Amino acid sequence: MDRVTRADLDKQPHEVAEMFDGVAERYDLTNTVLSFGQDVGWRRATRAALGLRPGERVLDVGAGTGVSTDELGRSGAFAVGADLSIGMLRAGRRVRPDAPLLAGDALRLPFADATFDAVTISFALRNVVDTAAALREFARVTRPGGRLVVCEFSTPTNQAFRTVYMQYLMRSLPTVARGVSSNPEAYVYLAESIRAWPDQAALAARIADAGPWDRVGWRNLTGGVVALHRATRR
């Protein structure tokens, strides 16, 4: 695991998959503990931002155990989850046997062009080796006029809160993870990857520059700890 504990790792797909295989068994519980239960609200906000309607098709990239896919399905849309980690998918299928979860790389999605009305990715874009290529791949499988929502950790807007939050990330988060995670060392990398990730405006610029995405905007959640970036496929 030493190879995947730094935020500046090469993020090769097999290394990312191996890391998430190692945290799969208690991943959902760990996220809820580390976020003080805020993860439930973040998933609901993501579903709301997508504006899904019954009968639409939505792709959940980086779905992990499918907890986010299950939330998207509450809209009445047909939600499909894809993830690189077989360990995460196996853990998800044990608790969500009816959820359509399949193996898939964000850079080479196993779907035809314009398959989905919407695509979303939650807390996984920063783990992809090529952000721009992933955003272009999302556009490829989204129909013209379809929507993209990226839910990702971001930069708190209040300076004092930002300082406290960063201290929590780098000091407390790995310590808490040791008590609940099946692979706490991975959370050192995850904390560093959050700190290294671009802020709200910089990510919006990346989305706009990456491909045929228009009307890019964002909304902060939990004071900017998380941001929802939304865009429309040209």
Side-chain angles (χ1 to χ4, degrees), residues 4 9-25 27-28 43 46-47 49-152 193 206-207 210-213 229-234:
V4 284
L9 57 72
D10 204 18
K11 294 183 183 177
Q12 292 304 312
H14 71 279
E15 294 184 343
V16 173
E18 178 185 347
M19 180 183 70
F20 281 99
D21 287 346
V23 299
E25 289 304 317
Y27 185 72
D28 293 336
R43 286 192 293 272
T46 299
R47 172 167 58 85
L50 285 161
L52 297 168
R53 296 179 290 274
E56 288 192 316
R57 291 176 291 186
V58 57
L59 175 63
D60 184 20
V61 184
T65 65
V67 64
S68 54
T69 313
D70 187 62
E71 178 65 41
L72 296 175
R74 297 177 188 274
S75 66
F78 178 67
V80 178
D83 199 275
L84 192 65
S85 166
I86 300 301
M88 294 284 276
L89 294 171
R90 286 175 177 163
R93 286 169 182 158
R94 283 196 292 271
V95 294
R96 301 177 186 89
D98 297 328
L101 301 174
L102 52 86
D105 186 342
L107 299 177
R108 293 180 296 276
L109 294 169
F111 303 103
D113 295 357
T115 296
F116 295 96
D117 299 288
V119 174
T120 185
I121 182 168
S122 295
F123 308 111
L125 187 59
R126 72 183 190 280
N127 299 318
V128 179
V129 65
D130 189 335
T131 302
L135 291 165
R136 290 192 295 270
E137 181 68 351
F138 300 165
R140 181 187 67 78
V141 301
T142 305
R143 66 165 178 81
R147 292 92 69 197
L148 168 71
V149 170
V150 177
C151 179
E152 187 55 87
S193 71
R206 287 193 184 189
I207 295 171
W213 296 111
H229 282 72
R230 192 177 191 277
T232 302
R233 172 74 158 87
R234 287 199 297 269

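Remember, predicted model here, so these are calculated numbers, not experimental data.
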(request) Report the distance from atom CZ of Phe123 to atom OG of Ser193, rounding to the nearest 0.5 Å. (result) 11.5 Å

(message) Taking side-chain hydrogen bond (donor to acceptor under 3.5 Å, both in side chains) as the definition, give me every residue that meets it alongside Thr69, ordered by chain and number, with sequence neighbours left out.
(response) Asp60

(request) Please list, chain by chain and in numerical order, all residues satisfying side-chain contact (heavy atoms from CB on, under 4.5 Å) with Pro212, sequence neighbours excluded. (result) Ala139, Arg233, Arg234

(message) If I compare all heavy atoms of Ala63 with all of Ser68, which pair ends up nearest, and what's the gap?
(response) O-OG, 3.9 Å

(request) For Thr46, check side-chain hydrogen bond (donor to acceptor under 3.5 Å, both in side chains) against everything at least two apart and list the hits. (result) none

(request) Can you sort out the partners of Arg53 under side-chain hydrogen bond (donor to acceptor under 3.5 Å, both in side chains), two or more places apart, ordered by chain and number? (result) Glu56

(message) If the condition is side-chain contact (heavy atoms from CB on, under 4.5 Å), which residues does Ser75 pass it with, not counting sequence neighbours?
(response) Arg47, Leu52, Ala77

(request) With sequence neighbours excluded, tell me which residues meet side-chain contact (heavy atoms from CB on, under 4.5 Å) with Arg96. (result) Asp28, Thr65, Val67, Asp70, Ala99

(request) Over all heavy atoms of both residues, which pair between Ala118 and Leu50 is shortest? Give the atoms and the distance, please. (result) CB-CD2, 3.9 Å

(request) Could you walk me through whether Leu148 and Trp213 pass the side chain to side chain contact (heavy atoms under 4.5 Å, CB included) test, one step at a time? (result) CA-CA 8 Å; Leu148 168 71; Trp213 296 111; 3.5 Å; yes

(request) Would you indicate whether the side-chain heavy atoms of Val119 and Val61 approach each other to under 4.5 Å? (result) yes

(request) Provide the closest heavy-atom pair for Ala124 versus Gly62 in the form atom of the first, atom of the second, distance. (result) CB-CA, 4.1 Å

(request) Would you sort out whether Leu102 and Leu89 count as a side chain to side chain contact (heavy atoms under 4.5 Å, CB included), showing the intermediate values? (result) CA-CA 7 Å; Leu102 52 86; Leu89 294 171; 5.9 Å; no

(message) What I'd like to find out is whether the side chain of Leu109 reaches to under 4.5 Å of the side chain of Phe138, using heavy atoms alone.
(response) yes

(message) Minimum heavy-atom separation for Gly66 and Leu101, please, with both atom names.
(response) CA-CD2, 3.8 Å

(request) Can you see which heavy atom on Leu125 is nearest to which on Ala134, and at what distance? (result) CD1-CB, 4.2 Å

(request) Would you please test Glu152 and His229 for side chain to side chain contact (heavy atoms under 4.5 Å, CB included) and show each step? (result) CA-CA 8 Å; Glu152 187 55 87; His229 282 72; over 6 Å; no

(request) Give the minimum heavy-atom separation between Ala79 and Pro100, together with the two atoms involved. (result) O-CG, 3.0 Å

(message) According to side chain to side chain donor-acceptor pair (under 3.5 Å), does anything in residues 99-117 pair up with another residue at least two apart or in another chain? List the pairs.
(response) Asp105-Arg108, Asp113-Arg140, Asp117-Arg143

(request) Can you run down the ring-ring contact (aromatic ring centres under 6.0 Å, His included) pairs that involve residues 100-122, sequence neighbours left out, and say none if there aren't any? (result) Phe111-Phe116

(message) Within the 3.5 Å criterion, strictly below it, is a donor on Thr232 or Arg147 matched to an acceptor on the partner's side chain?
(response) no

(message) For a 4.5 angstrom cut-off between non-hydrogen side-chain atoms, does Leu59 reach Thr120?
(response) no

(request) Could you list the residues that satisfy side-chain hydrogen bond (donor to acceptor under 3.5 Å, both in side chains) with Arg43, not counting sequence neighbours? (result) Asp39

